[in-house]
Amino acid sequence: MSETIFGKIANGEVEADLVYEDAEVVAFRDLNPQAPVHILVIPRKPIPTLSDAEAGDAELLGRLLLTAAKVAEQEGIAEQGYRTVINCRAGGGQTVYHLHVHLLGGRPLQWPPG
Ligand code: AMP
């Protein structure tokens with residue numbers, strides 16, 4: 001499997017504006033933010049898409065969401081509310097094939113999204 005730009009961010013080969021990291025998970029600011037707060041939370045493990053996650057990844061998937069919630073607190077958007085999104089494959093709008101959770105907030109978010 002070829003490494004993506006997010007794999008390179010996770011292993012430190014490519015710089016990013018990191019807001020959180022631990023042994024399993026890295027969170028950094030999106031280069032092309034769609035809201036005042038737009039952060040990507042990724043596993044260090046290179047799972048290409050949500051549909052490639054397996055039963056053994058269940059704890060890791062939970063960690064991604066808990067990290068998004070923690071970072072939302074850190075960014076001061078938890079009380080007002082925020083959105084988490086996982087785009088899956090081309091039809092879902094995914095462009096980087098390393099699983100990531102978008103954390104968006106800091107402005108009113110419309111529903112449904114486009
Ligand atoms: P998706 O379309 O769900 O795959 O989201 C990919 C996101 O990654 C987009 O919002 C891009 O703006 C963002 N992105 C791509 N390259 C980088 C990078 N080097 N650092 C931070 N964000 C990036």
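Start at 1 and go down the list; that is how both ligands and their atoms are numbered.
- Ion pairing between a basic and an acidic side chain is recognised when a charged N comes within 4.0 Å of a carboxylate O; Arg44 and Asp22 show no such pairing.
- Within 4.0 Å of ligand 1, counting heavy atoms only, the contacting residues are Ile5, Phe6, Ile9, Phe28, Arg29, Asp30, Leu31, Asn32, Leu40, Asn87, Gly93, Gln94, Thr95, Val96, His100, His102.
- For the salt bridge (charged side-chain N to carboxylate O under 4.0 Å, His left out) test, residues two or more places apart in sequence or in another chain that qualify with Lys45 are Asp57.
- Using cut-offs of 30° and 60° on the angle between ring planes, the pair His102 and His38 is tilted.
- Contact between Val71 and Ala27 at its shortest, heavy atoms only, is CG2-CB, 4.3 Å.
- Residues passing the salt bridge (charged side-chain N to carboxylate O under 4.0 Å, His left out) test with Glu15: none are found, sequence neighbours excluded.
- Every residue two or more places apart in sequence or in another chain was checked for a side-chain hydrogen bond (donor to acceptor under 3.5 Å, both in side chains) with Gln94, and none qualifies.
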